[in-house]
*Asks:* 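The structure follows.
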Amino acid sequence: MLFFCFIKDLFLKQSINDIIFLIMDCMTKSSGKARFHLPGLFEFFELYKVFVPQFYEHPQWFYPWCDIGSLYGAPADCLWGGGRVGYGKNGIEREVLDFFKDYGISLRLTFSNSMLKTEHLTDKKCNDLCSMFCNENNGIIIHSDLLMDYIKNKFPDFYFVSSTTKVLTDTADLNRELSRKEFRYVVPDFRLNRNFVFLDSLEPFKKKKVEFLCNECCWEKCARRKSCYENVSARVLELDVPEWECGAPHKSQGYRFSSAMRNQFYIGPEHIVSEYMPRGFSDFKIEGRSLGSALVLEMIMHYMVRPECQIELRENIYLDNSLDLF
């Protein structure tokens, strides 16, 4: 009887999300952690130089069920890059590598260009980047099998992540991709996020390979998503292609996290702890390499930081980094 009184009192005083997080806190030791893969390894390096130490120095601010799985990105004008055009900073590669070496965080190079040909494989900048970052803890987010075969032979210590730019919307295609031994992780199209009939049918080892894209803002009914990524890849290679004309009804707004949260395929922290982790899924990708650092910080806090502690984290980051919003 005392237990039911406790539950009743809990429901009266707490929101449903608070209750989910409280229950998950109790389950953390037995159910493992959710690993977040964060955007902007090079693009937001100044932010991460302040944020990452906070994560380890103030663990009480963060949900105990979450961890940093990796940071991903690419320097500007990276020929093998794709998904986004030229946002990362140049000339900071060694600084990035030196900063993160003591944290043990996996660093991923985003090489998701889908239009590569054999002549592009000798690009000096990309090869030098691979030489610098190649170790068993770091990975490559990749689209092209041609490039993957090249990197496997020349830089064998990397692990590989199948890029969401493949736009795997068919469950049979995703199942085949998950069966490929060369991929440690596979990022399906966000429109498969809620297909629990299929997701529940996956073998445990395949569930461990699925990396969900949580906060996609793309129009749910877009039938040209793959062509959009191909257009970006062609522009990175400086091919003669027109600027992409997005057909989304909300295209004039650009990316808005508030819109992503209204997307039926959005995955929030409450979904992670109540629906995905109990099913055996552990990896979640946050997009945002082309956004501003202030919004990226807000998204990371939404997923990883206890609401009552967010102001303390903001204070430390804003004061230490003199981060001006306007």
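As the structure is a computational prediction, the values presented were derived from the model and not from experiment.
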*Asks:* Verify whether one side chain among Asn215 and Lys285 offers a donor that lies under 3.5 Å from an acceptor in the other.
*Replies:*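 No.
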*Asks:* Determine whether the aromatic ring centres of Phe196 and Tyr276 lie less than 6.0 Å apart.
*Replies:*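 Judged by ring-centre distance (under 6.0 Å), Phe196 and Tyr276 do meet the cut-off.
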*Asks:* Here's one to test your reading of the geometry: is the NZ or CZ of Arg108 within 45 degrees of the ring axis of Tyr185 and under 6.0 Å from its centre?
*Replies:*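 Relative to the ring axis of Tyr185, which defines the angle, Arg108 lies inside both limits.
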*Asks:* Hey, does Asp157 have a side-chain heavy atom less than 4.5 Å from the side chain of Cys134?
*Replies:*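 Heavy-atom side-chain distance check passes, below 4.5 Å.
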*Asks:* Is there a donor-acceptor contact under 3.5 Å linking the side chains of Ser282 and Lys33?
*Replies:*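 Distance-only check fails for Ser282 and Lys33.
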*Asks:* Less than 4.5 Å apart, any side-chain heavy atom of Met277 and any of Trp65?
*Replies:*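 The answer is yes, as the side chains (C-beta and beyond) meet within the 4.5 Å cut-off.
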*Asks:* Is it the case that the ring center of Tyr303 lies less than 6.0 angstrom away from the ring center of Phe284?
*Replies:*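 No, ring centres 6.0 Å or more apart.
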*Asks:* Do the side chains of Thr171 and Asn195 get nearer than 4.5 Å, heavy atoms only?
*Replies:*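 The answer is yes; the side chains approach within 4.5 Å.
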*Asks:* Could you grab the distance from atom CZ of Arg235 to atom CG of Leu239, nearest 0.5 Å is fine?
*Replies:*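 If we round to the nearest 0.5 Å, Arg235:CZ and Leu239:CG are 11.5 Å apart.
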*Asks:* Please tell me if the side chains of Met304 and Cys66 come closer than 4.5 Å, counting only heavy atoms from C-beta onward.
*Replies:*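 Side-chain contact under 4.5 Å: yes.
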*Asks:* Is the ring pair His271/Tyr266 parallel, tilted or perpendicular, if the boundaries are 30 and 60 degrees?
*Replies:*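 His271 and Tyr266: perpendicular rings.
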*Asks:* Taking all heavy atoms of Pro53 and all of Tyr103, pick out the closest pair and write down the distance.
*Replies:*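 The pair with the smallest heavy-atom distance is CG-OH, 3.3 Å.
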*Asks:* Do Asp173 and Arg176 sit within salt-bridge range, that is, some charged N less than 4.0 Å from a carboxylate O?
*Replies:*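 Salt bridge present between Asp173 and Arg176.
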*Asks:* Atom OG of Ser106 and atom CG of Asn137: how far apart are they, to the nearest 0.5 Å?
*Replies:*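 Those atoms lie 5.0 Å apart.
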*Asks:* Show your reasoning for whether side-chain contact (heavy atoms from CB on, under 4.5 Å) applies to Ile68 and Phe51.
*Replies:* CA-CA 11 Å; Ile68 299 175; Phe51 171 78; 4.1 Å; yes
*Asks:* If I take atom CG from residue Leu47 and atom NZ from residue Lys49, how far apart are they, to the nearest 0.5 angstrom?
*Replies:*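 Answer rounded to 0.5 Å: 11.0 Å.
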*Asks:* Measure from the side-chain N and O atoms of Gln310 to the backbone N and O of Val305, and report whether any donor-acceptor pair falls under 3.5 Å.
*Replies:*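 Yes, the answer is positive, given that a donor and an acceptor are paired below the 3.5 Å cut-off.
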*Asks:* Taking side chain as C-beta onward, heavy atoms only, is Ile300 less than 4.5 Å from Val296?
*Replies:*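 They are in side-chain contact.
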*Asks:* Minimum heavy-atom separation for Trp61 and Asn316, please, with both atom names.
*Replies:*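 Result for this residue pair: CH2-ND2, 3.4 Å.
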*Asks:* I need the Leu291 CG to Met299 CE distance, nearest 0.5 Å.
*Replies:*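 The CE atom of Met299 is 5.0 Å from CG of Leu291, to the nearest 0.5 Å.
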*Asks:* Please give me the minimum heavy-atom distance between Ile272 and Pro278, naming the atom from each residue.
*Replies:*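 Taking every non-hydrogen atom into account, O-CD, 4.0 Å.
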*Asks:* Are Leu297 and Ile317 close enough, and set up right, to give a side-chain contact (heavy atoms from CB on, under 4.5 Å), and what steps lead you there?
*Replies:* CA-CA 10 Å; Leu297 174 61; Ile317 289 181; 3.7 Å; yes
*Asks:* Which pair of heavy atoms, one from Glu216 and one from Leu213, lies closest together, and at what distance?
*Replies:*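 Reported closest heavy-atom pair: OE1-CD2, 3.5 Å.
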*Asks:* Taking all non-hydrogen atoms of both residues into account, name the closest pair between Thr110 and Ala74 and its distance.
*Replies:*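 Looking at all heavy atoms of both residues, the shortest contact is O-CB, 3.7 Å.
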*Asks:* Going by heavy atoms in the side chains, are Leu41 and Tyr72 under 4.5 Å from each other?
*Replies:*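 Leu41 does not reach Tyr72 side chain to side chain.
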*Asks:* Test of understanding: clusters of I, L, V, M, F, W, Y form through side-chain heavy atoms closer than 4.5 Å, transitively. Do Phe62 and Ile311 belong to the same one?
*Replies:*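 Hydrophobic grouping puts Phe62 apart from Ile311.
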*Asks:* Looking at Phe183, is its backbone amide N or carbonyl O close enough to the side chain of Lys209 to form a donor-acceptor pair, meaning the two atoms are under 3.5 Å apart?
*Replies:*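 Yes; at least one donor-acceptor contact below 3.5 Å.
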*Asks:* Out of Arg35, Glu211, His37, which residue meets the side chain to side chain donor-acceptor pair (under 3.5 Å) rule with Ser70?
*Replies:*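 The side chain to side chain donor-acceptor pair (under 3.5 Å) with Ser70 is passed solely by His37 among Arg35, Glu211, His37.
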*Asks:* Measure the shortest side-chain to side-chain distance between Glu93 and Phe45 over non-hydrogen atoms and say whether it is less than 4.5 angstrom.
*Replies:*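 A side-chain contact under 4.5 Å is absent here.
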*Asks:* Ignoring hydrogens and angles, tell me if any N or O in the side chain of Asn127 forms a donor-acceptor pair with the backbone of Leu121 under 3.5 Å.
*Replies:*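 Here the side-chain-to-backbone pair exists.
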*Asks:* For Ser112 and Ser233, which heavy atoms make the closest approach, and how far apart are they?
*Replies:*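 Shortest heavy-atom separation between Ser112 and Ser233 comes out as O-OG, 4.1 Å.
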*Asks:* Rounded to the nearest 0.5 Å, how far apart are CH2 of Trp80 and CG of Leu116?
*Replies:*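 CG of Leu116 is found 8.5 Å from CH2 of Trp80.
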*Asks:* Does Phe133 offer a backbone N or O that forms a donor-acceptor pair with the side chain of Asn138 under 3.5 Å?
*Replies:*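 Pair found, side chain donor or acceptor close to backbone of Phe133.
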*Asks:* Can you find a pair of side-chain heavy atoms, one from Leu202 and one from Asn175, that are under 4.5 Å apart?
*Replies:*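 Sidechains of Asn175 and Leu202: in contact.
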*Asks:* To the closest 0.5 Å, what do you measure between CD (Glu275) and CG (Asn193)?
*Replies:*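 It comes to 11.0 Å.
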*Asks:* Step by step, would you call Val210 with Leu178 a side-chain contact (heavy atoms from CB on, under 4.5 Å)?
*Replies:* CA-CA 8 Å; Val210 178; Leu178 289 169; 3.9 Å; yes
*Asks:* Ignoring hydrogens and angles, tell me if any N or O in the side chain of His120 forms a donor-acceptor pair with the backbone of Lys117 under 3.5 Å.
*Replies:*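 Judged by distance alone, yes, a pair lies under 3.5 Å.
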*Asks:* Is there a path from Met132 to Leu79 through hydrophobic residues (I, L, V, M, F, W, Y) whose side chains come within less than 4.5 Å of each other?
*Replies:*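 As far as the 4.5 Å side-chain criterion goes, Leu79 and Met132 are connected within one cluster.
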*Asks:* Give a yes/no verdict on a cation-pi contact between Arg191 and Phe265, requiring under 6.0 Å between NZ or CZ and the six-membered ring centre and an angle within 45° of the axis.
*Replies:*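 Output no; distance or angle outside limits.
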*Asks:* Assess whether a salt bridge exists between Asp145 and Arg180, defined as any Lys/Arg side-chain N lying under 4.0 Å from an Asp/Glu carboxylate O.
*Replies:*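 Salt bridge: yes.
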*Asks:* Would you mind checking if Glu177 and Lys166 are paired as a salt bridge, meaning a charged N to carboxylate O distance below 4.0 Å?
*Replies:*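 Judged by the 4.0 Å cut-off on N to carboxylate O distance, Lys166 and Glu177 do form a salt bridge.
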*Asks:* After noting the C-alpha distance and the side-chain angles of Phe160 and Lys152, does the key distance pass the side-chain contact (heavy atoms from CB on, under 4.5 Å) rule?
*Replies:* CA-CA 9 Å; Phe160 291 97; Lys152 281 169 60 180; 3.3 Å; yes
*Asks:* Taking atom types as modelled and ignoring hydrogens, do the side chains of His143 and Asn113 form a donor-acceptor contact shorter than 3.5 angstrom?
*Replies:*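 Their side chains do not contain a donor-acceptor pair, so the 3.5 Å distance test is not met.
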